[in-house]
Amino acid sequence: MTSNYELRKRSVDPNAAAIIFSQDFATKAFEEGLHNRRPSEAKANRPRLPADVVSWIAVEGRQTLAYACLAYLFAFEMKTDVSEDRSFVGLIRQVRDGAKQIAVAADTLADQLQRHHRETGAIDPVRNRALIELAASLNAEVLSAEDLLPSPEGGFLHGVTLRHGLRNCRRLADHADDFLDRYRTYAEIMRAEGKKALEMQTGNRTDADRDAFIEDLAAIYKQAIGKDAKAREGSGTTGHAPAPFVRFVRYVFSELRNICSQIGACEYLETPSSHVIRAVVERSAAVV
């Protein structure tokens with residue numbers, strides 16, 4: 001089955017790709033993928049790209065990499081199966097986003113109930129019962145109309161927010177957001193120490209677009225560096241240093257996320273872990 005990414009490659013505008021993904025980006029991405037690169041070394045002392053590679057990037061490499069990157073952004077933006085993401089971060093995001101949707105819908109329902117009371121002086125029994133029963137299913141308790149509606153003495157006609165039993169969905173969403181922020185910080189620290197943020201590696205779903213993109217990155221990488229893409233953990237010159245191809249992929253995805261943040265799209269775009277990259281590379285090699 002042809003992936004959406006592969007379909008998008010047929011319609012990508014090369015000129016647009018070249019505008020979005022600069023020569024500097026391509027050069028730095030391939031520099032990240034150089035072998036014998038020590039993370040502790042000052043940038044000035046790190047290996048430089050050979051002159052022939054620099055020339056290839058200027059003539060062909062930048063365009064090839066930019067073309068693939070823009071196609072993947074288009075494919076990712078069109079994804080409709082985000083809810084199928086079973087990765088740890090993906091699941092927490094589903095909790096957050098689902099809670100936000102519930103909170104917004106419940107607030108709208110409460111606003112309608114409040115407006116009806118303001119306009120007619122009566123409580124809409126249908127909306128009132130819906131909020132009570134939904135809140136009961138979530139909280140295992142029944143709220144009365146008095147719990148749902150503030151009294152006029154409390155300033156009801158002056159913009160008092162209607163309390164309802166589904167407001168805790170907003171707290172759930174906020175807490176999930178806070179947890180994700182703390183987890184990102186933790187994961188960055190663990191990666192800097194050469195460790196895995198999560199020992200449990202199950203749950204990452206197959207992603208045809210991502211995998212096809214990584215396969216293209218592997219081919220582009222080999223064309224530039226002249227070495228097969230490898231993604232074995234700890235294969236660098238220091239014990240837990242990421243493999244050169246992993247560094248290359250991480251840099252590419254970092255730039256993709258930067259572009260996404262600038263245009264306010266692709267919220268779910270995550271850098272694939274080294275074991276995901278390794279699985280794609282090994283699968284591709286087995287097919288060949």
Side-chain angles (χ1 to χ4, degrees), residues 1-10 12 17 20-21 25-35 37 57 60-79 81-82 84-90 187 191 196-198 201-236 241-260 266-288:
M1 179 179 178
T2 304
S3 68
N4 189 35
Y5 163 71
E6 292 167 317
L7 292 174
R8 295 300 299 181
K9 283 199 299 183
R10 301 173 186 174
V12 166
I20 296 172
F21 296 95
F25 153 69
T27 300
K28 289 181 178 178
F30 289 116
E31 285 179 346
E32 285 293 312
L34 284 174
H35 287 242
R37 173 183 173 276
I57 292 173
E60 179 184 351
R62 175 219 180 162
Q63 185 68 66
T64 304
L65 181 59
Y67 191 83
C69 287
L70 186 56
Y72 184 67
L73 279 184
F74 284 155
F76 192 91
E77 190 177 12
M78 293 178 63
K79 277 186 179 297
D81 60 349
V82 171
E84 296 178 9
D85 187 354
R86 299 187 182 214
S87 67
F88 171 73
V89 172
R191 278 196 293 267
K196 297 178 181 178
L198 283 175
Q201 297 299 342
T202 58
N204 288 284
R205 66 189 174 91
T206 300
D207 185 325
D209 292 331
R210 179 200 61 199
D211 292 357
F213 180 50
I214 292 175
E215 288 178 5
D216 278 358
L217 290 180
I220 295 170
Y221 174 84
K222 182 176 182 179
Q223 192 172 2
I225 306 300
K227 295 180 180 292
D228 288 334
K230 303 290 184 182
R232 292 189 298 271
E233 194 69 36
S235 63
F245 179 62
V246 173
R247 295 196 302 265
F248 171 70
V249 173
R250 286 179 179 175
Y251 190 88
V252 169
F253 271 83
S254 175
E255 181 67 11
L256 294 179
R257 288 199 308 275
N258 288 337
I259 292 174
C260 286
C266 310
E267 180 185 357
Y268 295 91
L269 195 152
E270 286 288 325
T271 301
S273 64
S274 59
H275 78 278
V276 167
I277 298 172
R278 180 174 65 250
V280 173
V281 170
E282 291 177 350
R283 213 163 40 235
S284 179
V287 172
V288 174

*Asks:* Quick one: pull up CG in L65 and CG in L217 and give me the separation to the nearest 0.5 Å.
*Replies:* 6.5 Å
*Asks:* Where do R8 and A71 come nearest, in terms of heavy atoms and distance?
*Replies:* CB-O, 3.8 Å
*Asks:* Can you find a pair of side-chain heavy atoms, one from Y5 and one from D216, that are under 4.5 Å apart?
*Replies:* yes
*Asks:* To the nearest 0.5 Å, how far apart are CZ in R250 and OG in S273?
*Replies:* 8.5 Å
*Asks:* Hey, does P244 have a side-chain heavy atom less than 4.5 Å from the side chain of L34?
*Replies:* no
*Asks:* For the atom pair NZ (K9) and CG (L70), what is the distance rounded to the nearest 0.5 Å?
*Replies:* 12.5 Å
*Asks:* Quick one: are L7 and S3 in side-chain contact, heavy atoms under 4.5 Å?
*Replies:* no
*Asks:* Please answer whether the main-chain N or O of G33 pairs with a side-chain N or O of Y221 as donor and acceptor at a distance below 3.5 Å.
*Replies:* yes
*Asks:* Can a donor-acceptor pair be found between the side chains of R257 and T271 at a distance below 3.5 Å?
*Replies:* yes
*Asks:* Testing I259, V252, I20 one by one against F25 for a side chain to side chain contact (heavy atoms under 4.5 Å, CB included), which residue passes?
*Replies:* V252
*Asks:* For a 4.5 angstrom cut-off between non-hydrogen side-chain atoms, does V280 reach E215?
*Replies:* yes
*Asks:* What do the steps show when you test N258 against S254 for side-chain contact (heavy atoms from CB on, under 4.5 Å), and what is the final call?
*Replies:* CA-CA 6 Å; N258 288 337; S254 175; 4.2 Å; yes
*Asks:* Minimum heavy-atom separation for F30 and A224, please, with both atom names.
*Replies:* CE2-CB, 3.4 Å
*Asks:* Show the nearest heavy-atom pair for residues Q223 and E60, with the distance to one decimal.
*Replies:* NE2-OE2, 3.1 Å
*Asks:* Report the C-alpha distance between R210 and V276 in whole Å, list the side-chain angles of each, state the deciding distance to 0.1 Å, and finish with yes or no for side-chain contact (heavy atoms from CB on, under 4.5 Å).
*Replies:* CA-CA 10 Å; R210 179 200 61 199; V276 167; 3.5 Å; yes
*Asks:* Verify the ring-centre separation between Y72 and F253: is it less than 6.0 angstrom?
*Replies:* yes
*Asks:* Can you find a heavy atom in the side chain of F21 that is under 4.5 Å from one in the side chain of E255?
*Replies:* yes
*Asks:* I220 and A68: which non-hydrogen atoms are nearest, and at how many Å?
*Replies:* CD1-CB, 4.2 Å
*Asks:* Provide the closest heavy-atom pair for P242 versus R247 in the form atom of the first, atom of the second, distance.
*Replies:* O-NH1, 3.0 Å
*Asks:* Do F245 and I214 have side-chain heavy atoms sitting under 4.5 Å apart?
*Replies:* yes
*Asks:* Taking C-beta and beyond as the side chain, do F76 and N4 meet within less than 4.5 Å on heavy atoms?
*Replies:* no
*Asks:* Does R62 use its side chain to pair, donor to acceptor, with the backbone of A26 at less than 3.5 Å?
*Replies:* no
*Asks:* Would you give the length of the straight line joining atom NZ of K230 to atom NZ of K222, rounded to the nearest 0.5 angstrom?
*Replies:* 9.5 Å
*Asks:* Would you mind reporting whether L269 and L73 have side-chain heavy atoms less than 4.5 Å apart?
*Replies:* yes
*Asks:* Salt-bridged, R283 to D211, with N to O below 4.0 Å?
*Replies:* yes
*Asks:* Do you know the tightest heavy-atom contact between A17 and V12?
*Replies:* CB-CG1, 4.4 Å
